[in-house]
Amino acid sequence: MAKSRERLMARELRRQGESIREIAKKVGISRSSSSAWCRDILLTPEQTELLIQRDKDGGAKGRLVSAELRKAE
């Protein structure tokens, strides 16, 4: 029964454009479960573009933090 609620919540979050990783964290499930449960939900082009941009921004932020740490050493 609890898994049914988690599945419904995961599917709703995906319809809203959340990433598989974010869904897994918010619902408290594994990424593989999140992926399997949401596999058939198609994102709009806008949602897809937003996820791609957030991924790029996160990578850039990580590189900056790493560079700052190396500089401080």
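Below, each value reflects all heavy atoms present in this structure, side chains not excepted, and no hydrogens, waters or symmetry copies. As the structure is a prediction and not an experimental result, all values here were calculated from the model.
Under the 3.5 Å distance criterion, with hydrogens and angles disregarded, no donor-acceptor pair is assigned to the side chains of Gln53 and Glu49. Judged purely by distance below 3.5 Å, without hydrogens or angles, the side chains of Arg70 and Ser66 pair a donor atom with an acceptor atom.
Leu42 has its side chain out of reach of Gln47: every pair of non-hydrogen atoms, C-beta onward, lies at least 4.5 Å apart. Within the 4.5 Å cutoff, side-chain heavy atoms of Gln16 are placed close to those of Leu13.
Checked by atom type and distance alone, the side chain of Arg11 pairs as donor or acceptor with a backbone atom of Trp37 at under 3.5 Å.
For Ile52, the side-chain contact (heavy atoms from CB on, under 4.5 Å) criterion is met by Thr48, Lys56, not counting sequence neighbours.
Residues Gly17 and Leu43 come closest through the heavy atom pair CA-CD2, 4.0 Å. Across all non-hydrogen atoms, the minimal contact from Ala10 to Ile29 is CB-CD1, 4.4 Å.
A salt bridge links Lys3 to Glu6: one of the charged nitrogens lies within less than 4.0 Å of a carboxylate oxygen.
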From CA spacing to verdict: side chain to side chain contact (heavy atoms under 4.5 Å, CB included), Lys71, Glu68: CA-CA 5 Å; Lys71 187 189 282 186; Glu68 290 293 325; 4.3 Å; yes
Side chain to side chain contact (heavy atoms under 4.5 Å, CB included) between Leu69 and Val65, worked out: CA-CA 6 Å; Leu69 289 173; Val65 169; 4.2 Å; yes
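Each of Glu18, Arg15, Arg7, Arg14 was scored for a side chain to side chain contact (heavy atoms under 4.5 Å, CB included) with Cys38, with one residue passing: Arg14.
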